[in-house]
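Scroll down for the structure; my scribbles are underneath it.
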Amino acid sequence: MPSDAALENLARIGQLDKVPFSSDLMARMLATARSRLIDAQRSDNSAETRFDCAYTAIRAIADAALLAHGYRTSTSKPGHHQTTIQCLSHTLGVSVGVVRVLDALRKQRNLSDYDGESITDQALVECIEQALRLQELAVRRFGGQG
């Protein structure tokens, strides 16, 4: 169940910025998610590229969901990827368990990007599956824009 009070609290402490809703921006964010999901499922791409594309799709959907509530993360603050993912429980009603899985994928993405850690087949499959589920949820929530 979405919680605007939680989002307001995050804005009050500087983790989120209030922004005007833009259907054009939302459509672009969701189009990015769709495009990245297509690339994530292309087996001719490397595992790292596929994982990164699926993770980007997750972020784009999470950003679109925040936008739907009139917010975006404060990118000047550290941890804005984590904040975006954690807000999914408030913006799309995603369960806390799923948020934990998505946060683990965020950490895996950091290890891959910054420490050169390889992406396992299991992590890749999980990231793609989670991105597909979020996309389905976004389509249900945002209709034709999803």
Side-chain angles (χ1 to χ4, degrees), residues 1-114 119 122-146:
M1 185 67 74
S3 169
D4 288 335
L7 299 177
E8 289 170 17
N9 286 338
L10 287 169
R12 195 169 19 262
I13 63 171
Q15 293 297 310
L16 296 178
D17 294 326
K18 280 228 173 241
V19 294
F21 177 76
S22 165
S23 59
D24 183 54
L25 178 56
M26 175 171 275
R28 288 194 317 263
M29 289 173 167
L30 296 173
T32 293
R34 283 191 304 274
S35 173
R36 294 306 185 279
L37 263 171
I38 290 168
D39 289 342
Q41 294 175 81
R42 290 182 49 160
S43 60
D44 55 328
N45 286 330
S46 70
E48 286 73 23
T49 295
R50 294 174 70 199
F51 184 92
D52 191 58
C53 287
Y55 176 79
T56 299
I58 290 166
R59 279 287 321 280
I61 293 165
D63 286 337
L66 271 172
L67 177 64
H69 288 266
Y71 294 97
R72 72 179 187 111
T73 55
S74 299
T75 56
S76 62
K77 301 274 187 187
H80 61 274
H81 284 215
Q82 184 176 15
T83 299
T84 302
I85 288 170
Q86 290 175 344
C87 283
L88 282 167
S89 63
H90 306 294
T91 58
L92 284 179
V94 173
S95 74
V96 173
V98 169
V99 169
R100 282 190 197 112
V101 170
L102 296 174
D103 196 53
L105 293 170
R106 177 191 62 79
K107 290 174 185 173
Q108 180 61 53
R109 177 246 180 205
N110 287 348
L111 290 171
S112 176
D113 281 3
Y114 303 120
I119 298 296
Q122 180 182 1
L124 174 60
V125 167
E126 184 68 34
C127 197
I128 292 171
E129 287 177 357
Q130 291 295 334
L132 287 168
R133 285 186 200 120
L134 276 181
Q135 183 183 45
E136 289 174 18
L137 190 56
V139 167
R140 284 196 305 270
R141 175 63 68 90
F142 305 123
Q145 294 183 36

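Minimum heavy-atom separation, Ala54 to Ala40: N-CB, 3.7 Å. Between Ile85 and Leu102 the shortest heavy-atom distance is CG2-CB, 3.6 Å. In this structure, Tyr71 and Ala11 approach most closely via the heavy-atom pair CE2-CB, 3.7 Å. Here the closest heavy-atom approach between residue Arg72 and residue Thr75 is recorded as NH1-OG1, 4.2 Å. Between Ala60 and Thr32, the shortest heavy-atom contact is CB-CG2, 4.3 Å. Nearest heavy atom pair, residue Cys127 against residue Leu105, reads CA-CD1, 3.7 Å.
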Would you check, one step at a time, whether the test side chain to side chain contact (heavy atoms under 4.5 Å, CB included) holds for Leu66 with Leu7? CA-CA 9 Å; Leu66 271 172; Leu7 299 177; 4.1 Å; yes
Intermediate values then yes/no, side chain to side chain contact (heavy atoms under 4.5 Å, CB included), Leu88 and Leu134: CA-CA 10 Å; Leu88 282 167; Leu134 276 181; 4.0 Å; yes
Residue pair Glu126, Gln130: steps toward the side-chain hydrogen bond (donor to acceptor under 3.5 Å, both in side chains) verdict: CA-CA 6 Å; Glu126 184 68 34; Gln130 291 295 334; 2.8 Å; yes
CA sep, side-chain torsions, deciding dist, call: Gln15, Thr73, side chain to side chain contact (heavy atoms under 4.5 Å, CB included): CA-CA 6 Å; Gln15 293 297 310; Thr73 55; over 6 Å; no
Kindly indicate, with the supporting measurements, whether the criterion side chain to side chain contact (heavy atoms under 4.5 Å, CB included) is fulfilled by Arg133 and Val98. CA-CA 10 Å; Arg133 285 186 200 120; Val98 169; over 6 Å; no
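Side chain of Ser35 to backbone of Ala31: no donor-acceptor contact under 3.5 angstrom is found. Counting only distance, with no hydrogens or angles, the side chain of Arg141 and the backbone of Thr91 share a donor-acceptor pair below 3.5 Å. With hydrogens and angles disregarded, a donor-acceptor distance shorter than 3.5 Å links the side chain of Ser74 to the backbone of Gly14.
In this structure the side chain of Cys87 reaches within 4.5 angstrom of the side chain of Leu16, judged on heavy atoms.
Note that the CD1 atom of Ile61 and the CE atom of Met26 stand 11.0 Å from one another [nearest 0.5 Å]. Distance CG/Leu30 to CG/Leu25: 9.5 Å, rounded to 0.5 Å. Here CD1 of Ile128 is found 4.5 Å from CZ of Arg50. Values are rounded to the nearest 0.5 Å. The CG atom of Leu124 sits 10.5 Å away from atom SG of Cys53, with the distance rounded to the nearest 0.5 Å. Rounded to the nearest 0.5 angstrom, Arg140 CZ and Leu92 CG are separated by 10.0 Å. Atom-to-atom distance recorded for Asp39:CG and Asp44:CG is 9.0 Å, nearest 0.5 angstrom.
The side chain to side chain donor-acceptor pair (under 3.5 Å) check on Ser95 picks up nothing, with sequence neighbours excluded.
Each of Arg36, His81, Gln108 was compared with Tyr55 under the side chain to side chain contact (heavy atoms under 4.5 Å, CB included) criterion, and only His81 meets it.
A salt bridge links Arg106 with Asp103: at least one charged nitrogen is closer than 4.0 Å to a carboxylate oxygen. A salt bridge is defined here as a Lys NZ or Arg NE, NH1 or NH2 lying under 4.0 Å from an Asp or Glu carboxylate O, and Glu8 with Arg12 fails to meet this definition.
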